[in-house]
Each structure stands twice: as structure tokens, then as C-alpha cells.
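I have placed the structure first, in the form of C-alpha cells, so that the comments after it can refer back to it.
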Amino acid sequence: MFKRNVRSAAALAMIGTLGAVSAMAQEASTEKLERIEVTGSRIKSVGAESSSPITSVGKEDITIKQPVAVEELVRGLPSSYPAIGPNMNNGSNGTASIDLRGLGSNRTLVLINGRRIVPATLGGVVDTNTIPVSLLDRVDLVTGGASAVYGADAVSGVVNFVTKRNFSGIDATTLYSASEKGDGQRYKNDLTIGANLADGRGNVVLHVGTTRTTPLNLGQRDYSPVVISSRTGNPGGFSGTAVPAIWSGMPSPIAGDRTIDSSSGLLRAAVGTAPPDGYNTNPPNYFETPLTRTQATALGRFQINDYAEAYAEIFHTRSNVTLNLAPSGTFGVALNIPIGNPYITPAVRAQLCAAYNISAANCVPGSTTEFRANIARRFVEAGPRIYSYDNTTTQYTAGLRGDIPLLDGWTYDAYYQTGRSDQIQRTGNGFSASKLQQAVRAVSTSACTVTTGGCVPINLFGAAGTITPQMLAFVATPTFQTTRVDQNVMAVSASGEIGIAKSPWAKSPLGLAVGYEDRKVFGGNASDAVVQTQGELLGSGSPTPDRSGTLKFKEIYTEANMPLVQNKFLVHTLDASYGYRQTEFESIGGTQRYGSWKKGLIYAPIKGLKFRGELQRATRAPNVNELYAPITTGLSSQSTDQCQGNLINAADAGKAGTLTNICQQTGVPTAQIGNVSAPSSSQINNTSGGNPNLGPEKADTTTLGAVWEPVFVDNLSLTLDFWKIEINGAVSSPTASQVMNGCYNPALNPGFTYNAFCQLIQRDPLNGGLNGTGSKGVSTQSSNLGYYNYSGIDLGANYRLPLKALGLPNAGRVDFNLMASFLKRADFKALPTVATLEQAGYYGVDVGTPFSKTRFNARASWTLGDYALGLSWRHIGAASVQTTGAAANNAGNFLPVNESIKAFDYFDLNGSWQILKNLKLSLTVNNLFDKQPPLVGTGIGPGSSNYGNTFPSVYDVIGRRYTATVQATF
């Protein structure tokens, strides 16, 4: 039970008393003024204003952009950073999300009509594919903490999708889009029907929409069919799982990476990260993942009487997102192989017998004497790996709202909401490690040593095409896993004015909002045995053991706004606001109680000029995944292993204070010194998991700004805001790169001692590498020891110029809009013992996608009667790689590699024509000048966002794109 303390109860009782007094004291109003609630506040008042900066994307912006998903509306804004979406392939979870300020999608709260949306992931992130674009009236963004108003997760900001309230009629739209090359097609069809009821007392809206997008492969653009090394500028950064196979983990004289030479038939030294030995993974991967989606939405309200309006909302979405990855393979798995395996040639058998000291009597075809080696063979015969995500989200809301009897100016809102999100993930062309081991244990081409399950011997040692469909069929293993999130919310709130609580220098009284929320979130996943077993699904990264957990929140909150001075000399307006929310959070770690608050001030010395400021304590409770996730081993980006190849040498073996010695202490066998493989596909193993002892994050946010609407210039609005977000006790973990550097970098570990970072590294005992099932790689466990310090300045400008003011009465009007963000600081410390990661102006393996210091969107549009024409300009500032020396700038390289990305500018042209009263045509040309993305190669950033030799989620990889929408309204 939620324990309400005596002071809280007394305060609520006093609020009720004051409200009653104010109601009796006020005379009956002859005209009821509409009280509105702005995003970022629960207080409803006449002419409501916010002390927090609010950015709104209106219907006009939506029409101009012609998006197929709401994620596109937000992604291009200067305050928003790339998150999971259609431009993420390897690393996607089949959803689309929003990340304000680059602090992570789990720190951005997503609402619809001011209420929460059921999350789609165990990380508590909402899939924005559930939001119907055609029903939107506007999108409001509050950047900065808002936990006192909305509760947990509103650390970096809030995105509130506001739907149309009183739609009547029929609206049918159809959209088609394609790139200039004819690929990347998109199709979207929507039908909305609305009707008013009972002389306007009620309204119902029904909406059905379908969306289909086609995939775009890396092989379809001339700059991305081949993996280019970000270090050399030449083809490289290839996968060490190739065809013919790359062998490793063997004793001298065949230690190190080996492959069978096509001319000599013998094992020779191989370079698995470069051609011709490595495998080019690019062609089948997606630049843009395909989406198939169906949405059904119902909205309704009915005014029962003067004091009660019933309302209901139903949102239902089914979608499928498909990912394509390069063909699966053995990925360096350690195998026990009979020396008499029929697919091992006599020449290679002789080399193996000599290296493993196998006697001549046993070194013959059919011998069951086994040797152990790491084999990395790509199953090119099978085709690409396919990951299919079927998502279903349904959310119901039923509520009652209206005026409170006997309390003039007071309103209430009470609702119950229940939502469920289900995801089914299936894999195609996946293969079993245990079946592979069984199939390779064969001494004839017709039967395995163990014949159970209809085992078919497999040829891992031949060229492409030597693995038959029958061989693949035996080792193949389709997989299945599900994720479910249930969310139930019960909330009640009241808002109004305390008539007797009034400043002697102000006309308006104290505005107040109080409320209670009870929220319960259950999340869990279930999967088959293959998915749950470490290394059983070859090439799958980390396994997904079953997990589940429940989070419970019980909260009371209050918010007050006090006009202190109004309409005085040099004080047109002076308002102070305060909000507080008390939270009781229950999870596997027990029950915790904490508070969040906000303090705000608005000062307008004259009409048209306003200064605003707000201090907030925002909180974020750990999510189901952070608390309940089992410890598993997956993958992390790392282009170089400090212990690879000739970076260490046998002469320093066992010598204290040397890099070689510390590499030995972290798992490099003495026999493999000088032969350790470089990371395959610029990735290493990474072990991570949840921590049930995590507590809530605490963030202190500050916003200071000004709004100027000069009275001498009509229709001009300028805003300038400074913001700062500082998070202490953040749930975080060090990156794999930080752990590696903490152990092997002489600047950070001068004596090469076996320190705390070295203890987090576990190598394969056979080959000393950080890939394959024999290595847990680098451990990065979560803790509450993280620290974020972000700050910047936002600038906004809006101006509408009727051309008749210039003596052109029949020329229409011109609108100008500017949104700019200047990032000052984006510092992050995963642990107190690691160096501060300065991200502002940089990109890289630890930083991720570019944190450009300057980003802005500008738009100019001209409207004349039934015609409109506009030009949009999107600017992404320059950025440099986080670590110098990441690019070698080799002469004669394939791609000119440097250590920075210049500023990028994109221009979009749009126009519309109201052909008939009921028919409108809209056209957009995105990336008008067909600008190619910056080519930085692969391996210079995280594998999920740095692929195709660029950063696809930041820069345009489609090229010039044409979009047309036809809208019919009746």
C-alpha cells in the first residue's frame, strides 16, 4: 500500500478547503474562458505558459515532411539524436524509438495525449510505430527534465503526440515514395472517419492505416558494396569467418590464422580482416529495413452533463520489421575434428599431423584420432541470415473528466489505461553449434560418428559450393522467441485556482494541480532452448535466457503556479512555479522512496519580452532489462586488439612490465604470442547483464531562456534557451574499448600491471583471441556509478510575412522558421575510475554517431491561395574522431580517409496544390542535390551505427527521393 504521510494528507485537505472558499468567494462568470493544459505542466489555466522550452511540430510541418512514421518527424530536429529505426540493421530490435539530447531512448518519455504508452521492450522504450501519423494534430517536445510532472523516464525530455480532438468527416490519403534510382519505395494509405454526436456533445473517430516500405541493400549504392577499413581506406575490416575457412588455435608451425591455398593445397598464413582471405559482409545488409504495418485507432468522447465527459481511446498496431545480415557461419568455434575426416585433403592432413604430433599410424583417412582447432567458415551456400520481428501493440484508455461541482474553475481527470506489447522474433538460415560438432565428427562422407537425428557429414574445408543443401539442412535450426510488456495505469488529477491565494500585485490567483498515479509494468521474454544457450545459435551474439520482472510505482504529485506581479512598471508578468512528486518504487531489489521536483520563474518586463528559467530534479527508475537481465555474452565494436599479431613478441614472454606479459595474464597462450587474430568484422565478445541492486538515477536539469515577440514587428517570435542536464548515479557500464584501454594502454596503465580492468578480460584459451565461443571477451556490468554532464544552447525563430505589407496584395505570404542547437558539452563517465569521455564534436567507437556541436533546421515557405512552395535546409555540423591515429591516411588508398567529417547540408523542396475543394496534392523532393553521405569506412564507430562505410542513421544514404501524397477530404 502507498503510505501517505500526515503532511501530504493535510496539504490535500487544505487544498480542498481553499478551493471551496475560492469558489464561494467568486462571483458567477458570465463567460466561461477555456483553460488549457500545455505540455510540461498539469495546471490548466487561461493563457497557459510554460517555464520550460517547448518545441511544437504542427500539421503544416507534418504535411511538408510527408513521413510514413512519426520517428521521422522527430529524428531530424536539432535536439534529437539517432536511435533505433529503419536505418539500423545489425543491432536493431525491430522497433523505432526517439532519443532526445543523445542521452538514450530510455531517458526520453513518450506520451500520447499527455498519457503514457505501453513500452515495446524490456528496456522500457516505446515503439513509435504505434503512433498514427494521420491522426496527429501536433507533436510537442519538452527538452529537459519533467519527472515532477510526468514521473520516471522524463530525464532528457518528453515527446507528446497530440491527436485531433474533434474530427468530423472523411479523410483519405495515399502516399508513394521512391528514390531517384527507383528503389527504396514506400507506400502508405490512411482512412479516417469522424462524426459529431448529439448536437456536438460527442465525437467519434475511426482510423485505419497501412504502411509498406521496401528494403535498400548496401550493395545497391556504389559507395557501400565493399567493406572499407576506416584505418587504411582500403578494402578491409572484413570478417574472419570466410570461405575457404580460416583456421586458428593450432600449434606451431601452423599457429595463427591459416587458410588453404587454392594453388598449393596447403595451409598458409591468412589475413582474415582483408581480401582475398576475409569475407566481405556488406552486400546483403540493409541500409533501410523493410516495414509492413497496419494501424487501427478509435477515439471517442461524450459530454454526459456539465460536470462529466466520458472519453475512450483504443490504439492497435501490428507491424513486421525484417533485418538482413551476411550469411551465417562457424564464427571461429572450437571443434574436435577427426584427423581422418574425409574432407581433409592428404596435404593438409600431413601438416596437421606434424603440428599436433599425431603418429603416422593414425594420420590416415578414416582415423578417429581428434585434434582441436578454431574453424571460421562462412555458409555462403545458405544465403543471408534473416531476422523477422512481428510486433503487436494494443492500448485501451477509458476516463472521465470535467468541471468539479461547487469549485469554480476547477477540473478533474480520472482514467484507467491498460496496454500490451508483444513481439515474436524468428530467425531464418541459422545454424546449430552442437549439430555442427556432430556433423564434423565423421570419417566417411556417408555417416557421422554419431548418427542420431539423421546426421549428415559436413565439409567445412572446401571452397564455396562444397556444402550441400543436405548438409545445411541437418545443421539448420530455426529459432523462436517472444517478448511481452504489460502496463496498467490508474490516475486521477485535479487542477484549478485558489481564489483567496492571490498576490496583492497580481490579478490572477494561485494555480494548482494535484494528482495520484498507480502504475504497474510487467516485462518478460521466453525463447526456445537454442536461443537461450550460449553459442548454440552460430553467429547470434549473446543468448537470450528467459527473464521476467515487475515494476510498481505509486506516486502523488502537486504543482503550483503563483502570479506574483502583473501589469506593473517594468514587470508585465512575474510568475513562480513549483512542483513535487513523491514516488514509491517496488522491484526485485525491494521498495525505494524518492522525490522529484521543479522550480520555475517567468519574468516579462514588458509585453512581448519574457525571461524564463527552471530547475528540476528528474529521476529514472531502472527498467526490467537493467534489473533482471541474465549475464550473457554478445558483441561490441573494436577494430584493434592490443595483443594481436606482431604488437606483442615472444621475447617479452613472462617479463613483468611488458605488454606481452599483460596479454599473457589476460589469456594469450605462450604458443600464440605473435599470432593472435585481429577482431573479426571489427567486433569482439562482450559479456554484460542486469543488476538487481540498481537504484534510480537522479538528474539535475537547468533551463534559462528568453522569448521575444516584439510589438513593433507583427508575427515574429524569437527564443533563446540555455540548458544543462547533469545525471549522478546513472545506470551505466564502461564500453569494451574503455576496459581494453584501461588494461593495455601504457598511458592509463603505465606499469602494465594486472589491474581491475584486466580482470574483466577473458580470452579464448586456444588462440588467445576475443572472438568465438571460447571467449567471454570483455565484461561490462551495469552499476549506479555513471555520470553525465550535457549542456548547450537552443535558438528558435518564427516569422510570417504577408506580402501585402510589401505592397504586393495578391502575392500571398512567406513563412520563415529556424530551430538551432549548439552543443557545448556532452561528457560521460561510466565509472569513477575511467577517464571522462568528451563527446561534443566527436564520433567513434565509444562516442557512437557524431555529436556535432552545431545542428539546425531552417525552412522558408510561400503560400498563395491553393498553392504552397517551400524549401527546407538541414545542417549537421562537423565532427572529429574521438581518438587521433584512428585513420592511417595511407598513400594510394581506395578511399581518402581522414579523421574528421565536414559539415553537411541537406535541402528539401516541397509543394502542394489544393486541386479541388476536397482534393489536395503534396510533393516533396528530399535531398534535392543528391548529396552522398560522408565516407569514413567501417570500424571507426559502433557496428550498429557505423556500417556501409558511413553512419546511415545520421546522413542520407537513400539519395534524392521523391514523395507524393494525395489527400481527399469530405
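Treat the numbers as computed from the prediction; the structure is a model and nothing was measured.
Between the side chain of Thr330 and the main chain of Val333, no donor-acceptor pair closer than 3.5 Å is present. In this structure a side-chain-to-backbone donor-acceptor pair under 3.5 Å is missing from Asn686 to Ser636. Here the side chain of Thr259 pairs a donor or acceptor atom with the backbone of Ala245 at under 3.5 angstrom. Put simply, the side chain of Asn525 gets close to the backbone of Pro545: a donor and an acceptor are under 3.5 Å apart. Side-chain atoms of Thr836 do not come within 3.5 Å of backbone N or O of Asp827 as any donor-acceptor pair. For Asn661 (side chain) and Gln665 (main-chain N/O), no donor-acceptor pair under 3.5 Å exists by modelled atom type.
The shortest non-hydrogen separation linking Ser852 to Gly877 is OG-O, 2.8 Å. Pro543 and Gln534 make their closest contact through CD-OE1, 3.2 Å (heavy atoms, listed as atom of the first residue, atom of the second, distance). Minimum heavy-atom separation, Pro765 to Gly774: CD-O, 3.4 Å. Closest heavy-atom contact between Thr938 and Tyr947: OG1-CA, 4.2 Å. Scanning both residues, Cys643 and Val668, for their nearest heavy atoms gives CB-CG2, 4.1 Å. Closest of all the heavy-atom pairs between Pro696 and Asn784 is O-ND2, 4.3 Å.
One distance of note links CG of Asp641 with CG of Leu770; it measures 4.5 Å at 0.5 Å rounding. Going from atom CD1 of Ile254 over to atom CG of Asn675 covers 11.0 Å, rounded to the nearest 0.5 Å. Note that the CZ atom of Arg258 and the CD1 atom of Ile375 stand 13.5 Å from one another [nearest 0.5 Å]. Distance check, rounded to the nearest 0.5 Å: OG of Ser737 to CD1 of Ile684 gives 8.0 Å. Atom OG1 of Thr833 is separated from atom CZ of Phe757 by 4.0 Å, given to the nearest 0.5 angstrom. Separating the OG atom in Ser224 from the CG atom in Asn285 is a distance of 10.0 Å, to the nearest 0.5 Å.
If you check the side chains of Asn767 and Ser677, you find no donor sitting under 3.5 Å from an acceptor. No side-chain donor-acceptor contact under 3.5 Å links Ser637 and Ser682. Judged purely by distance below 3.5 Å, without hydrogens or angles, the side chains of Ser156 and Thr108 pair a donor atom with an acceptor atom. With hydrogens and angles left out, the side-chain atoms of Thr666 and Tyr744 include a donor and acceptor closer than 3.5 Å. Between the side chains of Thr479 and Thr427, at least one donor-acceptor pair of N or O atoms lies under 3.5 Å. Side-chain atoms of Asn685 and Thr633 include no donor-acceptor pair closer than 3.5 Å. Between the side chains of Ser434 and Ser432, at least one donor N or O sits under 3.5 Å from an acceptor N or O. Counting only N and O atoms by type, the side chains of Asn741 and Gln642 include a donor and acceptor under 3.5 Å apart. For the residue pair Asn771 and Ser775, no side-chain donor N or O sits within less than 3.5 Å of a side-chain acceptor on the partner.
Applying the side-chain contact (heavy atoms from CB on, under 4.5 Å) rule to Ala274 yields the partners Val271; only residues at least two apart in sequence or on another chain are considered. Partners of Lys655 by salt bridge (Lys or Arg N to Asp or Glu O under 4.0 Å), not counting sequence neighbours, listed by chain and number: Asp652. Residues passing the salt bridge (Lys or Arg N to Asp or Glu O under 4.0 Å) test with Arg107 are Glu697, sequence neighbours excluded. When the ring pair (Phe, Tyr, Trp, His ring centres under 6.0 Å) test is applied to Phe851, the partners found at least two apart in sequence or on another chain are Tyr81. Among residues two or more places apart in sequence or in another chain, the salt bridge (Lys or Arg N to Asp or Glu O under 4.0 Å) test is passed with Asp277 by Arg268. Not counting sequence neighbours, the partners of Ser239 by the side-chain contact (heavy atoms from CB on, under 4.5 Å) test are Thr241, Tyr279, Thr281, Arg378, Ser680, Ser681. In this view, Tyr955 and Phe904 satisfy the ring pair (Phe, Tyr, Trp, His ring centres under 6.0 Å) rule, not counting sequence neighbours. Remark: Ala526 engages Thr482, Asp546 in a side-chain contact (heavy atoms from CB on, under 4.5 Å) (not counting sequence neighbours). Remark: Pro275 engages Pro235, Phe238 in a side-chain contact (heavy atoms from CB on, under 4.5 Å) (not counting sequence neighbours).
When side chains are defined from C-beta on, Leu935 does not count as touching Ile228, because their heavy atoms never get closer than 4.5 Å. Residues Ile761 and Cys743 form a side-chain contact, since some pair of their non-hydrogen atoms from C-beta on lies under 4.5 Å apart. With a 4.5 Å cut-off on side-chain heavy atoms, Phe828 and Ser732 count as touching. Proximity of Trp247 to Asn374: side-chain heavy atoms (C-beta onward) are nowhere separated by under 4.5 Å. Considering only heavy atoms from C-beta on, Asn90 comes within 4.5 Å of Gln683 through its side chain. In this structure, Asn89 and Pro952 have side chains that are not in contact, with every pair of non-hydrogen atoms separated by 4.5 Å or more. Residues Asn789 and Lys724 form a side-chain contact, since some pair of their non-hydrogen atoms from C-beta on lies under 4.5 Å apart. A 4.5 Å side-chain heavy-atom check between Val957 and Pro933 finds at least one atom pair inside the cut-off.
When each of Asn324, Asn87, Leu218 is tested with Tyr286 by the rule side-chain contact (heavy atoms from CB on, under 4.5 Å), just one qualifies, namely Asn324.
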Would you sort out whether Asn691 and Ser782 count as a side chain to side chain donor-acceptor pair (under 3.5 Å), showing the intermediate values?
-> CA-CA 6 Å; Asn691 182 350; Ser782 295; over 6 Å; no
Given side chain to side chain donor-acceptor pair (under 3.5 Å), test Ser880 with Glu899 step by step and report yes or no.
-> CA-CA 6 Å; Ser880 301; Glu899 296 187 338; over 6 Å; no
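Residue pairs meeting the side chain to side chain donor-acceptor pair (under 3.5 Å) criterion with at least one partner in residues 95-105, sequence neighbours excluded, are Asn93-Thr95, Ser97-Ser105, Arg101-Thr143, Arg101-Asp794.
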Using a 3.5 Å cut-off and no angle test, enumerate the donor-acceptor pairs between side-chain atoms of residues 837-845 and protein atoms at least two apart in sequence or in another chain.
{"residue": "Gln839", "atom": "NE2", "partner": "Tyr790", "partner atom": "OH", "Å": "2.8"}
{"residue": "Gln839", "atom": "NE2", "partner": "Ala826", "partner atom": "O", "Å": "3.1"}

Would you list the atom pairs, donor with acceptor, under 3.5 Å between side chains in residues 622-631 and any protein atom, with sequence neighbours excluded?
{"residue": "Asn623", "atom": "OD1", "partner": "Asn625", "partner atom": "N", "Å": "3.2"}
{"residue": "Asn623", "atom": "OD1", "partner": "Glu626", "partner atom": "N", "Å": "2.9"}
{"residue": "Asn623", "atom": "ND2", "partner": "Gly123", "partner atom": "O", "Å": "2.9"}
{"residue": "Asn623", "atom": "ND2", "partner": "Glu626", "partner atom": "OE1", "Å": "3.4"}
{"residue": "Asn625", "atom": "OD1", "partner": "Arg547", "partner atom": "NH1", "Å": "3.0"}
{"residue": "Glu626", "atom": "OE1", "partner": "Arg620", "partner atom": "NH1", "Å": "3.2"}
{"residue": "Glu626", "atom": "OE1", "partner": "Arg620", "partner atom": "NH2", "Å": "3.4"}
{"residue": "Glu626", "atom": "OE1", "partner": "Asn623", "partner atom": "N", "Å": "3.0"}
{"residue": "Glu626", "atom": "OE2", "partner": "Arg620", "partner atom": "NH2", "Å": "3.0"}
{"residue": "Tyr628", "atom": "OH", "partner": "Thr550", "partner atom": "O", "Å": "3.3"}
{"residue": "Tyr628", "atom": "OH", "partner": "Ile588", "partner atom": "N", "Å": "3.1"}

